[in-house]
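Fair warning: this is a prediction, and the values are worked out from it, not measured in the lab. For ligands, and for the atoms within them, numbers begin at 1 and follow the listed sequence. Count residues from 1 along the sequence.
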Amino acid sequence: MAQSVLLTGAAGRVGSAVLSDLADEYEWRLLDRDPPTEELPGEFVVADITDEDAVREAMVGIDAVIHLAGDPRKEAPWSSVLPNNIDGTRVVYEAAVEAGVDTVAFASSNHAVGHYETDERTPRMYREDDEFRLDGTELPRPGNLYGVSKAAGELLGRYYHDEHDLSVACVRIGNLTKGHPPIDYERGQAMWLSYRDCAHLFQRCIEADYGYEIVYGISDNDRKYYSIERAREVLGYEPQDNSAEWNGDERVV
Ligand SMILES: NC(=O)C1=CN([C@@H]2O[C@H](COP(=O)(O)OP(=O)(O)OC[C@H]3O[C@@H](n4cnc5c(N)ncnc54)[C@H](O)[C@@H]3O)[C@@H](O)[C@H]2O)C=CC1
Ligand SMILES: O=C1O[C@H](COP(=O)(O)O)[C@@H](O)[C@H](O)[C@H]1O
């Protein structure tokens, strides 16, 4: 069971979702290149994940890592995703192995499989009555260079698992939106991930027993084109939210 957890990208949105529910559950070491703008639990390390010495130092005494740091922009250029998302992720896995960390949960993205959303399938696949599902066993089909960088992070995880027995869960996060699902955006509603489901899913990633997994990070939405069965079965993910229970920003169920 994880006790000391390193959270990279802690000052960002996903980090905030994770900490909002799990602040008291672990001994946190938070890492981000930007200092926090609010009080956060645990020790805060201001460092860049491409700085091998700093990441190695931050990894000492850590049981599990939730690795979120990176450039999250879908239009991010290669000059940014190469160091921040690909090389930085390699540095995190490498330091984790060196420090004897058990588990790394990696924030991958829906954009790693964006090109499954073909003209023939959309917008039908975003709707409740459509049965098309991606389940994590399919090959990546990135929709942009950002998606390529996330697929690379998944592949690096595969290597560090096979070569060094590190447990790695890659979470292809959908659309994390605070409070309510995205409004007037069918695709976003189909891949909505609520803040509390996000925290719960990453908690399951650092508590469950597995080897290497790719799962989808969405709530239990009626509309969906990502299966959450693998996350349920292997990780014990039990999401509480569903975008169908909302009309705009009003909860109707
Ligand atoms: N928010 C969402 O809906 C989704 C997010 N993701 C992934 O989740 C992760 C977190 O995303 P968000 O919280 O939304 O983004 P964000 O931009 O709010 O947070 C990312 C954090 O990482 C830090 N960071 C970036 N590069 C860094 C580096 N080289 N060294 C140290 N810190 C660095 C930033 O300072 C920032 O605080 C990203 O990897 C993103 O690709 C994936 C799918 C959906
Ligand atoms: O990977 C990411 O995906 C989300 C959702 O994608 P979108 O195409 O619906 O915007 C995006 O908001 C987030 O910034 C990105 O990191």
Asks: Quiz question: by atom type and distance under 3.5 Å, do the side chains of S219 and D241 form a donor-acceptor pair?
Replies: no
Asks: Please list the nearest protein heavy atom to atom 18 (O) of ligand 1 with its residue and the distance rounded to 0.1 Å.
Replies: R13 N, 3.0 Å
Asks: Pick out the protein N or O atoms lying less than 3.5 Å from any N or O of ligand 2, and list each pair with its distance.
Replies:
unit_1	atom_1	unit_2	atom_2	d
ligand 2	1 (O)	S109	OG	2.6
ligand 2	1 (O)	Y146	OH	2.7
ligand 2	3 (O)	N110	ND2	3.1
ligand 2	6 (O)	H111	NE2	3.1
ligand 2	8 (O)	K74	NZ	2.8
ligand 2	8 (O)	H111	NE2	3.1
ligand 2	8 (O)	R187	NH1	2.9
ligand 2	9 (O)	N175	ND2	3.3
ligand 2	9 (O)	Y185	OH	2.5
ligand 2	9 (O)	R187	NH1	3.2
ligand 2	10 (O)	K74	NZ	2.6
ligand 2	14 (O)	P72	O	3.4
ligand 2	16 (O)	P72	O	2.6
ligand 2	16 (O)	Y146	OH	3.0

Asks: Identify whether the distance between the nearest side-chain nitrogen and carboxylate oxygen of R196 and D21 falls below 4.0 Å.
Replies: no
Asks: Using modelled atom types and a 3.5 Å cut-off, is there a donor and acceptor pairing between side-chain atoms of E138 and backbone atoms of G136?
Replies: yes
Asks: List the closest protein heavy-atom neighbour of atom 5 (C) of ligand 1: residue, atom name, distance to the nearest 0.1 Å.
Replies: V14 CG2, 3.9 Å
Asks: Out of curiosity, C205 SG to L201 CG, how far, rounded to the nearest 0.5 Å?
Replies: 4.5 Å
Asks: Considering only NZ, NE, NH1 and NH2 on the basic side and carboxylate oxygens on the acidic side, decide whether R232 and E229 come within less than 4.0 Å.
Replies: yes
Asks: Are any of the heavy atoms in R172 under 4.0 Å away from ligand 1?
Replies: no
Asks: Once rounded to the nearest 0.5 Å, what's the spacing between atom CG of D34 and atom CZ of F44?
Replies: 8.0 Å
Asks: Against heavy atoms of G9, which atoms of ligand 1 measure under 4.0 Å?
Replies: 21 (C), 22 (O)
Asks: Output the list of atoms in ligand 1 that are nearer than 4.0 Å to some heavy atom of A47, sorted by atom number.
Replies: 30 (N), 31 (C)
Asks: Which is closest to atom 39 (O) of ligand 1 by heavy-atom distance: H111, R73, K150?
Replies: K150
Asks: Are the charged groups of E52 and R90 less than 4.0 angstrom apart, N to O?
Replies: yes
Asks: To the nearest 0.5 Å, what is the distance between CG on L156 and CZ on R158?
Replies: 13.0 Å
Asks: Please state which protein non-hydrogen atom is closest to atom 40 (C) of ligand 1 and give its distance, to 0.1 Å?
Replies: Y146 OH, 3.5 Å
Asks: Tell me the protein heavy atom at minimum distance from atom 37 (O) of ligand 1, and give that distance in Å.
Replies: D32 OD2, 2.6 Å
Asks: Among all protein heavy atoms, pick the one closest to atom 10 (C) of ligand 1 and tell me residue, atom and distance.
Replies: L68 O, 3.4 Å
Asks: For ligand 1, which atoms have a heavy atom of D34 less than 4.0 angstrom away?
Replies: 35 (O)
Asks: Which pairs of donor and acceptor atoms, one on a side chain in residues 245-253, lie under 3.5 Å apart (sequence neighbours left out)?
Replies:
unit_1	atom_1	unit_2	atom_2	d
E245	OE1	R251	NH2	2.7
R251	NE	V253	O	3.2

Asks: Determine whether any heavy atom of A17 lies closer than 4.0 Å to an atom of ligand 1.
Replies: no
Asks: Would one find an N or O of D48, backbone or side chain, under 3.5 Å from an N or O of ligand 1?
Replies: yes
Asks: Measure the spacing between OH of Y160 and OH of Y212 and express it to the nearest 0.5 Å.
Replies: 13.5 Å
Asks: N/O of N84 under 3.5 Å from N/O of ligand 1, yes or no?
Replies: yes
Asks: Could you check whether R230 pairs with D135 (Lys NZ or Arg NE/NH1/NH2 to Asp/Glu carboxylate O, under 4.0 Å)?
Replies: no
Asks: Distance to 0.1 Å, residue and atom name: give those for the protein heavy atom nearest to atom 19 (O) of ligand 1.
Replies: G12 CA, 3.2 Å
Asks: Just going by heavy-atom distances, which of A112, S149, A107, P182 is nearest to atom 8 (O) of ligand 1?
Replies: A107
Asks: For E57, is the CD atom crowded, meaning more than 12 foreign heavy atoms sit under 6.0 Å from it?
Replies: no
Asks: Among protein heavy atoms, which sits nearest to atom 26 (N) of ligand 1, and what does the distance come to when rounded to 0.1 Å?
Replies: R33 CZ, 3.4 Å
Asks: Under 3.5 Å, N or O to N or O, is L31 touching ligand 1 that way?
Replies: no
Asks: For residues 185-193, which side-chain donor-acceptor pairs fall under 3.5 Å, sequence neighbours excluded?
Replies:
unit_1	atom_1	unit_2	atom_2	d
Y185	OH	R187	NH1	2.8
E186	OE1	R127	NH2	3.0
E186	OE2	R127	NE	2.7
E186	OE2	R127	NH2	3.4
E186	OE2	R223	NH1	3.2
R187	NE	E117	OE1	2.6
R187	NE	E117	OE2	3.4
R187	NH2	N110	OD1	3.1
R187	NH2	E117	OE2	3.4
Q189	OE1	R223	NE	3.4
Q189	NE2	P182	O	3.0
W192	NE1	T177	O	3.1

Asks: Pick, from P83, G88, G70, S108, the option with the minimum heavy-atom distance to atom 20 (C) of ligand 1.
Replies: G70
Asks: Parallel, tilted or perpendicular: which one describes the rings of Y26 and W28, with boundaries at 30° and 60°?
Replies: perpendicular
Asks: Among protein heavy atoms, which lies nearest atom 15 (O) of ligand 1, and at what distance?
Replies: P72 CG, 3.4 Å
Asks: Do R172 and Y216 have a side chain donor and acceptor closer than 3.5 Å?
Replies: yes
Asks: Between ligand 1 and T50, can you find any atom pair, the residue atom being a heavy atom, that is separated by under 4.0 Å?
Replies: no
Asks: Can you give the donor-acceptor pairs under 3.5 Å from side chains of residues 66-74 to other protein atoms, not counting sequence neighbours?
Replies:
unit_1	atom_1	unit_2	atom_2	d
H67	ND1	T8	OG1	2.7
H67	NE2	T89	OG1	2.9
D71	OD1	R73	N	3.1
D71	OD1	R73	NE	3.0
D71	OD2	R73	NE	3.3
D71	OD2	R73	NH2	2.6
D71	OD2	S80	OG	2.6

